[in-house]
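The structure under discussion is supplied below as structure tokens; questions concerning it will follow.
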Amino acid sequence: MITEKVILDTLIASGFSSAILYVVFGQVTVRKLIKNPETKHELGVEFVSGWDIVNVAQALSIP
């Protein structure tokens, strides 16, 4: 019973920290790319607010 609570707490904490890191990545990296006129049009189409962050993360993760 206690180990299940520890596992659940760990999953919740890791999900929360992932969300915070996602926002920090968007604020730091994507904002710099948007300000650069050479890369602004290469980020793709933003269908939903924040989608450009997903496009940049995907581009960085593909070799």
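The chain is numbered in sequence order, starting from 1. Values below: every heavy atom of this structure, side chains too, minus hydrogens, waters and symmetry copies.
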Main chain of Q58, side chain of S61: is a donor-acceptor contact present, judged purely on distance under 3.5 Å?
yes

To the nearest 0.5 Å, tell me how far F25 CZ sits from I53 CD1.
8.0 Å

Straight-line distance of I12 CD1 to S17 OG, nearest 0.5 Å
12.0 Å

Reported CZ-to-CG distance for the pair R31 and D52, which is rounded to 0.5 angstrom
10.5 Å

ILVMFWY network linking L60 to I34, side-chain heavy atoms under 4.5 angstrom:
yes

